[in-house]
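Please read the structure below before turning to the comments.
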2 protein chains.
Amino acid sequence: MIALDAIDVRILNALQKNGRLTNVELAEQVSLSASPCLRRVRLLEEAGIITGYRAQLDPACLGLGMSVFVDLRLSHHNDAASDEFEAAILRLNNVINCYLVSGSADYRLEVLVKDLQGYEVLLRQLQCLPHVKDIQSNFVIRSVKAQAPMPIAAS
Amino acid sequence: MIALDAIDVRILNALQKNGRLTNVELAEQVSLSASPCLRRVRLLEEAGIITGYRAQLDPACLGLGMSVFVDLRLSHHNDAASDEFEAAILRLNNVINCYLVSGSADYRLEVLVKDLQGYEVLLRQLQCLPHVKDIQSNFVIRSVKAQAPMPIAAS
DNA sequence: TAAATATTGGACTATAATGCTAATTATTAA
DNA sequence: TTAATAATTAGCATTATAGTCCAATATTTA
């Protein structure tokens with residue numbers, strides 16, 4: 001874990017808000033001239049602190065207005081079963097996130113679909129996945145806070 | 001919902017993968033010359049399909065190696081209680097996502113903390129929030145698939 | 001088919017990225 | 001505290017990119 005000074009923190013916060021800031025704009029915001037600013041950004045990228053830049057899309061505009069959390073249990077908990085299941089999950093494009101979690105479920109998925117019909121299709125796909133024993137769904141009614149910037153502390 | 005042709009879909013997919021592609025690079029990838037490519041990107045931004053660009057950071061590098069889903073129930077379900085609770089959630093920087101969900105919980109939060117100690121601190125803050133009755137936590141053991149690109153269909 | 005509309009490609013200007021060097025700042029050791 | 005060293009920064013020059021304008025092409029519609 002690389003030490004971040006106050007300027008690095010400002011850079012990271014600015015790029016979390018707007019990943020397409022030009023280096024000149026970024027340098028202004030963090031009170032630095034362009035070249036050292038660029039040097040710091042490159043170092044943050046090389047250090048793996050900045051892992052990439054993504055355009056954020058509005059799922060509703062893309063016909064993906066329904067978001068669902070799907071909790072899933074497997075019938076077998078050996079490595080082979082997990083690997084097979086996870087490989088299948090990676091192929092399902094409507095599954096945006098998938099975590100192995102503690103608690104009553106094994107996996108928690110976050111899924112984007114158009115509507116209940118789309119959800120039904122996906123549910124059937126999930127039920128057919130290898131080693132799936134149990135599925136429970138929670139629908140997102142409203143998003144209160146989404147993809148908030150990470151809290152960064154200088155170190 | 002604006003109609004997207006095949007070129008728009010390619011643009012959106014390319015920018016989901018890399019939001020800092022130069023317009024020239026993007027134009028090459030979608031087999032278009034620079035100026036119409038730029039025009040399309042601007043239209044996608046103005047239409048609200050592209051909502052922004054963000055740098056992706058590695059939480060582990062920032063001392064936020066622990067991710068937890070927190071399910072939360074309120075004691076009262078009137079508007080005032082919800083509003084007060086949601087306002088408080090917006091102020092908690094370790095809460096990255098917060099959704100109103102169906103099912104046994106009212107709200108589902110996604111939380112980033114350094115470790116169990118950090119989690120304990122946050123848990124106490126959540127318990128002190130107005131109208132909170134019940135809290136249940138699920139720890140993320142491993143991320144199988146994270147922030148996968150949205151599946152986009154031409155229309 | 002022909003007219004109208006939308007989209008594209010290319011030239012040009014303004015702006016930004018990037019590498020280099022000198023100067024400044026911070027750090028270490030005496 | 002001062003001097004020496006190392007790290008970081010600012011400014012400048014060069015190259016690349018963004019963004020605008022207009023003519024040409026493709027598409028749509030009657």
Side-chain angles (χ1 to χ4, degrees), chain A residues 1-58 60-64 147 149-155, chain B residues 1-58 60-63 149-155:
Chain A
M1 196 172 125
I2 284 159
L4 302 173
D5 68 10
I7 297 177
D8 292 321
V9 172
R10 289 210 297 277
I11 288 175
L12 292 175
N13 280 322
L15 290 177
Q16 277 195 106
K17 271 198 278 190
N18 181 1
R20 283 212 87 145
L21 282 174
T22 67
N23 183 58
V24 172
E25 289 166 332
L26 180 62
E28 270 173 34
Q29 285 194 23
V30 304
S31 306
L32 212 63
S33 66
S35 51
C37 182
L38 186 65
R39 206 175 73 94
R40 280 169 178 267
V41 172
R42 293 284 174 269
L43 286 173
L44 291 167
E45 289 167 355
E46 282 159 26
I49 294 169
I50 296 175
T51 56
Y53 301 86
R54 303 280 124 77
Q56 303 280 304
L57 309 185
D58 180 349
C61 287
L62 302 171
L64 296 167
Q147 293 294 113
M150 295 180 191
I152 310 172
S155 53
Chain B
M1 193 173 128
I2 283 160
L4 302 173
D5 67 11
I7 296 177
D8 291 320
V9 172
R10 289 210 296 276
I11 288 174
L12 293 174
N13 280 321
L15 290 177
Q16 277 195 106
K17 270 197 277 190
N18 180 1
R20 284 212 87 143
L21 281 175
T22 68
N23 183 56
V24 173
E25 289 166 332
L26 180 62
E28 271 173 34
Q29 285 193 23
V30 304
S31 307
L32 212 62
S33 65
S35 52
C37 182
L38 186 64
R39 208 175 71 93
R40 278 170 180 265
V41 172
R42 292 286 174 269
L43 285 173
L44 291 167
E45 289 167 355
E46 281 159 27
I49 294 170
I50 297 174
T51 56
Y53 301 86
R54 304 281 125 77
Q56 303 280 304
L57 309 185
D58 180 349
C61 287
L62 302 170
M150 293 181 192
I152 311 171
S155 56

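When reading the values below, keep in mind they use all heavy atoms of this one structure, side chains included, and skip hydrogens, waters and symmetry mates. Every chain is numbered from 1 and lettered A, B, ... according to where its sequence line falls, protein lines coming before strand lines.
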Residues 13-22 of chain B, side-chain donor-acceptor partners within the protein, below 3.5 Å, at least two apart:
from, atom 1, to, atom 2, distance (Å)
B/Asn13, ND2, B/Val9, O, 3.3
B/Gln16, OE1, B/Met150, N, 2.7
B/Gln16, NE2, B/Met150, O, 3.3
B/Asn18, OD1, B/Arg20, N, 2.9
B/Arg20, NH1, A/Gly19, O, 3.4
B/Arg20, NH2, A/Leu21, O, 2.7
B/Thr22, OG1, B/Glu25, N, 3.1
B/Thr22, OG1, B/Glu25, OE1, 3.3

Exercise. Work out which heavy atom in B/Gly48 is nearest to a heavy atom in A/Cys61; give both atom names and the distance.
Key: O-SG, 3.9 Å
Self-check item: Pairs meeting criterion salt bridge (Lys or Arg N to Asp or Glu O under 4.0 Å) with involvement of residues 40-50 of chain B, two or more places apart
Solution: B/Asp5-B/Arg40, B/Asp8-B/Arg40, B/Arg42-B/Glu45
Practice problem: Using heavy atoms and a sub-4.0 Å distance, could you list which residues of residues 22-39 of chain B are near DNA chain C? By number, please. | Solution: B/Leu32, B/Ser33, B/Ser35, B/Pro36, B/Arg39
Quiz prompt | Result of checking A/Ile11, A/Ile152, A/Leu43, A/Leu12 against A/Ile49 for side chain to side chain contact (heavy atoms under 4.5 Å, CB included) | solution = A/Leu12
Practice problem: May I ask you to verify if any side-chain N or O of B/Arg40 is less than 4.0 angstrom from the OP1 or OP2 atom of C/dT7? | Solution: no
Quiz item: Could you state the interatomic distance from CG (B/Leu32) to SG (B/Cys37), rounded to the nearest 0.5 Å?
Solution: 5.5 Å
Protein-nucleotides 12-15 of chain C N/O pairs under 3.5 Å:
none

Quiz item: Got a sec, which pairs hit side-chain hydrogen bond (donor to acceptor under 3.5 Å, both in side chains) with one end in residues 26-38 of chain A, sequence neighbours left out?
Solution: none
Exercise. Rounded to the nearest 0.5 Å, what's the gap from OH on A/Tyr53 to CD on B/Gln56? Could you check?
Key: 10.5 Å
Quiz item: Quick one: does A/Leu57's side chain get under 4.5 Å of B/Leu44's, heavy atoms only?
Solution: no
Quiz item: Sub-3.5 Å donor-acceptor pair from the side chain of B/Thr51 to the main-chain atoms of A/Asp58, do we have one?
Solution: no
Quiz item: Which two nucleotides bound the region of DNA chain D that has atoms under 4.0 Å from heavy atoms of chain A, read 5' to 3'?
Solution: D/dT8 to D/dG11
Quiz item: Between the axis at one end of the helix from C/dT1-D/dA30 to C/dA30-D/dT1 and the axis at the other (five pairs apiece), what's the angle to 10 degrees?
Solution: 50°
